[in-house]
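Structure record follows, encoded as structure tokens.
Here is how names work: the chains are called A, B, and so on, in the same order as the sequence lines, proteins then strands, and each is numbered from 1. Quantities reported herein were computed from a predicted structural model and do not represent experimental measurements.
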2 protein chains.
Amino acid sequence: MSSENKKKEGLVPEPSLRRMPCYLAYLKLAKRRNQEFVSSTHIARDMGVDPTQVTKDLSYTSIVGKTRVGYEVNALIEVLEDFLGFTKLDKAYLFGAGSLGNALLHDHGLDQYGLKIVAAFDVDPKVIGRSIEGVPIFHVSEFEKMKDENVQVGILTVPAEFAQDVAQLMAAGGIKGIWNFTPIRIRLGDDVVVQDTSLYAHLAVMFNRMGHVKK
Amino acid sequence: MSSENKKKEGLVPEPSLRRMPCYLAYLKLAKRRNQEFVSSTHIARDMGVDPTQVTKDLSYTSIVGKTRVGYEVNALIEVLEDFLGFTKLDKAYLFGAGSLGNALLHDHGLDQYGLKIVAAFDVDPKVIGRSIEGVPIFHVSEFEKMKDENVQVGILTVPAEFAQDVAQLMAAGGIKGIWNFTPIRIRLGDDVVVQDTSLYAHLAVMFNRMGHVKK
DNA sequence: TTCGATTAAAGAAAATATTCATTATTATTT
DNA sequence: AAATAATAATGAATATTTTCTTTAATCGAA
Ligand SMILES: NC(=O)c1ccc[n+]([C@@H]2O[C@H](COP(=O)([O-])OP(=O)(O)OC[C@H]3O[C@@H](n4cnc5c(N)ncnc54)[C@H](O)[C@@H]3O)[C@@H](O)[C@H]2O)c1
Ligand SMILES: NC(=O)c1ccc[n+]([C@@H]2O[C@H](COP(=O)([O-])OP(=O)(O)OC[C@H]3O[C@@H](n4cnc5c(N)ncnc54)[C@H](O)[C@@H]3O)[C@@H](O)[C@H]2O)c1
């Protein structure tokens, strides 16, 4: 297979990466309360996680804590935002301006986390030519002509049956990271990162756990 | 601590639960192609996962496969949808009809996956009294008066700083499952399930992996 | 029928992630 | 100045998840 010999040593564990934005949110609240330092112990207690997990997660970044004091809040916020790629703004194309795609276009929160949607693509004549929140919608066929090297991120919100095809189109057009909201597992070469975000998956977990609590 | 002695034997692993909706999507496409049976081998190859992982994941449901044949597509779809709680419609309240909350209200996809938002709550006078896609928006203070036993799910899309407070309000009002879109870790008793869905977390993972591919 | 190939299922092994235990450091108190 | 307590950091142990291996079943071809 294709990725067998790719060493993944040095890769930050995905669970750690997923927790980091939570630390960031916590730290921003701490900053509001004018806390200058915050310790792993306190973060852990407030967030309901293990204290050593906090230190271990943070050890992947460049931050160093001070014994008996903790981490400097401002410094840690900066380091985390930078480490997570939230400081530099990545441009993104959106594919599929339907129900979910629209939602993402209307959503202003993403800008603060390093992502700016600059154009959308669809096949429905009813939406092509329109603009949503200042983002123009083109026909997918226009994508190939645009090929902007500065846009490396693509958001995939087309119906499941077209997901693989559109993903291939994206890859061919130079997209290096696909944020995949469809429940389809995309098959592409190793040079393109596919990040699955299936809301249904989270729903499924919640329903399952709710069923267990009742017992 | 509080959940230490709670046996979690018998709990379906979260990674397995998260994969199940992907299988479901795959199966629905297979059904469209009029496939009557599909084997774990083929599912695995098409989806780019390990074949034994597929059988192991499916073994948590009631389905049994046929040696040398595979699983019956229709039966497996039914079993999975039922197992994941997508067949019965759960009513839900939404807390925070802002940017993301609006997106979810406009989103018609959720109905098909067992979730129906029946009312929204906010504190902003500009939105209270209005309706979005037929869902009325009330002031949060109205929530306590409503206390509908049939609504056990709450969707949390308020600003981070109010997340914990609103979550407590939800729990006090009888909500048993909180779909938490804020990056805050909610602290509540064991009788309430909190399902975190932080879009930023997924973004963070994608950015990180993209940085590594460049090397 | 007999053989070979394909598969589900279940258990073993390996890899990964989390939690625990230890050590060294340093603010604060005595 | 010495003792104490709180903490970061690191390595060990444990738990969880994934992958590998084996077994038994059965379809289709010879
Ligand atoms: N709606 C939800 O709640 C939700 C939640 C999570 C995931 N998803 C997933 O996101 C995807 C989209 O869902 P939705 O509800 O927005 O569907 P939708 O039908 O509302 O939107 C899909 C859009 O994609 C466009 N499209 C179709 N083919 C295309 C192509 N080849 N190139 C570009 N655009 C194309 C359609 O014209 C449409 O506008 C689905 O895969 C769905 O499973 C949806
Ligand atoms: N917008 C995004 O892209 C995005 C993505 C993922 C997660 N989130 C998270 O979701 C949350 C909401 O984000 P947003 O962008 O929609 O923010 P927003 O400010 O647009 O919306 C928040 C809404 O909550 C309401 N609200 C405030 N206090 C409330 C209370 N006590 N009870 C009920 N409602 C209250 C506000 O009036 C507002 O309408 C945030 O925590 C954010 O981090 C946002």
Side-chain angles (χ1 to χ4, degrees), chain A residues 1 3-20 22-23 27 30 35-73 75-76 79 185 201 205 208-209, chain B residues 1-20 22-23 27 35-73 75-76 79-80 185 201 205 209:
Chain A
M1 319 207 168
S3 60
E4 229 78 306
N5 45 7
K6 270 250 170 84
K7 277 282 185 63
K8 36 183 264 171
E9 60 176 328
L11 268 198
V12 180
E14 187 161 329
S16 296
L17 281 173
R18 279 207 297 252
R19 281 187 295 265
M20 286 183 190
C22 299
Y23 299 137
L27 289 160
Q35 284 184 253
E36 202 182 338
F37 288 90
V38 64
S39 74
S40 62
T41 325
H42 286 122
I43 298 176
R45 191 189 308 135
D46 293 346
M47 290 179 59
V49 299
D50 190 275
T52 56
Q53 186 163 73
V54 177
T55 57
K56 204 154 262 182
D57 286 343
L58 295 182
S59 75
Y60 294 112
T61 74
S62 61
I63 199 83
V64 279
K66 237 173 157 180
T67 301
R68 246 319 295 245
V69 174
Y71 303 91
E72 204 199 322
V73 173
L76 189 44
V79 165
R185 290 276 176 128
V205 175
N208 181 272
R209 300 313 191 214
Chain B
M1 318 207 167
S2 57
S3 59
E4 228 79 306
N5 44 8
K6 269 252 171 83
K7 277 284 185 61
K8 35 183 263 170
E9 60 177 327
L11 267 197
V12 181
E14 186 162 329
S16 296
L17 282 173
R18 279 207 297 252
R19 281 187 295 266
M20 286 184 192
C22 299
Y23 300 137
L27 289 160
Q35 284 183 254
E36 202 183 338
F37 288 90
V38 64
S39 73
S40 62
T41 324
H42 286 123
I43 299 176
R45 190 189 309 137
D46 293 347
M47 290 179 59
V49 298
D50 191 274
T52 56
Q53 187 163 72
V54 177
T55 56
K56 202 154 267 182
D57 286 344
L58 296 183
S59 75
Y60 294 111
T61 73
S62 61
I63 198 84
V64 280
K66 236 174 158 179
T67 302
R68 249 304 310 239
V69 174
Y71 304 90
E72 204 198 323
V73 173
L76 189 45
V79 166
L80 270 177
R185 290 276 178 129
V205 176
R209 300 314 190 213

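Atoms CE (B:Met20) and C1' (D:dT17) sit 14 Å apart, rounded to a whole Å. Going from atom CD of B:Gln53 over to atom P of D:dT16 covers 17 Å, rounded to whole Å. Remark: C1' of D:dT17 and CG of B:Leu11 are 14 Å apart, rounded to the nearest angstrom. Here the P atom of nucleotide C:dT7 and the CD atom of B:Glu72 are 17 Å apart, to the nearest Å. Rounded to an integer number of Å, the gap from B:Tyr71 OH to C:dT6 P is 18 Å. Note: CG (B:Leu58) to C1' (C:dT7) measures 14 Å, nearest angstrom. Per the geometry, CD belonging to A:Glu14 stands 14 Å off C1' belonging to D:dT17, to the nearest Å. As rounded to whole Å, 12 Å separates atom P of C:dA8 from atom OH of B:Tyr23.
The side chain of B:Arg19 places no N or O atom within less than 4.0 Å of a non-bridging phosphate oxygen (OP1 or OP2) of D:dT17. Between B:Tyr60 and D:dT17 there is no side-chain polar atom (N or O) within less than 4.0 angstrom of OP1 or OP2.
Applying the salt bridge (Lys or Arg N to Asp or Glu O under 4.0 Å) test to every pair with at least one member in residues 38-53 of chain A, sequence neighbours left out, gives no pairs at all.
Residues A:Pro15 and A:Lys66 both approach DNA chain C. Their nearest nucleotides, taken by heavy-atom distance, put A:Pro15 toward the 5′ side. The residue among A:Val69 and B:Gly65 whose nearest nucleotide of DNA chain C is located toward the 5' end is B:Gly65.
For the atom pair CD1 of A:Ile43 and OH of A:Tyr23, the computed distance is 7.5 Å after rounding to the nearest 0.5 Å.
Listed in residue order, the members of residues 38-52 of chain A having a heavy atom less than 4.0 Å from DNA chain C are A:Asp50, A:Thr52.
Residue B:Arg68 places no side-chain atom within donor-acceptor reach of the base of C:dA8, judged by atom type and a 3.5 Å distance cut-off alone.
Between B:Arg185 and A:Arg19, the closest side-chain pair of non-hydrogen atoms falls below 4.5 Å. A heavy-atom distance below 4.5 Å is found between the side chains of A:Tyr71 and A:Thr55. Within the 4.5 Å cutoff, the side chain of B:Val205 has heavy atoms near those of the A:Arg18 side chain.
In this structure, A:Glu14 places its CD atom where more than 12 heavy-atom neighbours from other residues, nucleotides or ligands lie under 6.0 Å away.
The side chain of B:Thr67 lies closest to D:dA25, out of D:dA25, C:dT18, D:dT7.
Counting any heavy atom pair closer than 4.0 Å across all strands shown, B:Lys56 reaches a base atom.
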Using a 3.5 Å cut-off and no angle test, enumerate the donor-acceptor pairs between side-chain atoms of residues 58-69 of chain B and protein atoms at least two apart in sequence or in another chain.
{"unit_1": "B:Ser59", "atom_1": "OG", "unit_2": "B:Lys56", "atom_2": "O", "d": "2.6"}
{"unit_1": "B:Thr61", "atom_1": "OG1", "unit_2": "B:Leu58", "atom_2": "O", "d": "2.7"}
{"unit_1": "B:Thr61", "atom_1": "OG1", "unit_2": "B:Ile63", "atom_2": "N", "d": "3.3"}

